[in-house]
Amino acid sequence: MSNGLVSLYKKYEDYFPIGAAVNPQSLKIHRDLLINQFNSLTSENHMKFEALQPEKGVFNFTVADELTAFAKEHNKLVRGHTLVWHNQNPAWLFQDDDGNRVNRDTLLARLKEHAETVMQRYKDTVYCWDVVNEAVEDTGPEVLRQRSPWLEIIGEDFIEQAFIIAHEANPDALLFYNDYNESEPAKRDKIYQLVKGLKEKDVPIHGVGLQAHWNIYGPSIDVIREAIEKYAELGVVLHVTEMDLSMFEFHDRRTDLTEPTEEMLERQAQRYEEIFSLFREYKDVVTNVTLWGAADDMTWLHNFPVRGRTNWPLLFDMKHNPKPAFDRIIKF
Ligand code: HAH
């Protein structure tokens, strides 16, 4: 308890850790909220490749060290995000000294050196890693996202190679495949096939990360339940890695709102309530639930994907006070 408010993570102690994505600013302005309400942290941007190794062989651990020190001091878990992704990579990674694309062996060697350096450094603080992020194509017949330098340079086995490298770098870390639109049946089935294939080859993968960037209209609870059931069949654990509930449907472009309507807040509260109730039902397989931020004053959904639009997707409001959604998920 602090400020008379129930602690979310303490309330969920018998279920799963409750996490929040953080950045250097939020570690300051959300400090009390993070200490009192959350017991798992994910670096929003500062454990990505371009942040940790901006130049070849030159690592920058300043922000990641601050985050892990904070986590250690306050007894928080840390999820590592992320090793292999098609975004936020430094340009040097895929090029040789002449600016030509490197070959497969060079890129694999660079990944190995990166993973070993980073995973060894944080072996006592980071308990799991999103080894591969967003490698599956959203629509159409292709399983793998075609426009990825990792696929283009290494080939189809870049995913299994990444897991093997990560497992060697730290055999104790839990290793995840992480993606968005993970509950949409078509993409869900592709992710399922991908992970099934990895398991059949004995590739060291331990979990599927459901990003859970959802909104107050969908996906429906039945669709989310089906996704959880399907992924659970794989015999892996599930982490909800980046949850938020946008106030807007995906194709809604409105930018006129300066604050959420009562109706939106109520709908959001109902959605958080039923979704958290579902997570509790599946607590044997859902073993971490992380939100992509702590309070509405700092979310990636301001100005994205619609410029000039404010959003209110989290459990605490602009002033860090609990929203109706918070009240609802601690009532059980
Ligand atoms: C996530 N992508 C990424 O995993 C995370 O690293 C980033 O900070 C924010 C969200 C979600 C996503 C996207 O990047 C593009 C389209 C849809 C969803």
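Each ligand, and each atom within it, is numbered from 1 in the order the structure gives. We're numbering straight along the sequence, starting at 1.
- The proximity of Asn133 to ligand 1, defined as any non-hydrogen pair under 4.0 Å, is limited to the side chain.
- The nearest protein heavy atom to atom 15 (C) of ligand 1 is not closer than 4.0 Å.
- Among His213, Glu134, His81, the residue whose heavy atom lies nearest to atom 12 (C) of ligand 1 is Glu134.
- Close N/O approach between Asn87 and ligand 1 is not found [any backbone or side-chain N/O within under 3.5 Å].
- For ligand 1, the atoms closer than 4.0 angstrom to any heavy atom of Lys48 are 5 (C), 6 (O), 7 (C), 8 (O).
- Of all the listed residues (Trp85, Tyr180, Phe304, Trp300), Tyr180 holds the heavy atom that lies closest to atom 17 (C) of ligand 1.
- Remark: the backbone N or O of Glu44 is not paired with any side-chain donor or acceptor of Thr42 at under 3.5 angstrom.
- With Tyr127 as the aromatic partner, Arg79 does not meet the cation-pi criteria of under 6.0 angstrom to the ring centre and within 45 degrees of the ring axis.
- Taking the six-membered ring wherever Trp is involved, the centroid distance between the rings of His114 and Phe49 falls below 6.0 Å.
- Protein heavy atom nearest atom 1 (C) of ligand 1, with residue, atom name and distance: Glu242 OE1, 3.1 Å.
- By the 6.0 Å contact criterion, CD on Gln120 is enclosed, its count of non-hydrogen atoms from other residues, nucleotides or ligands being greater than 12.
- Salt bridge Arg104/Asp157: present, at least one basic N to carboxylate O contact under 4.0 Å.
- Side-chain polar atoms of Asn311 and His302 form no donor-acceptor pair below 3.5 angstrom.
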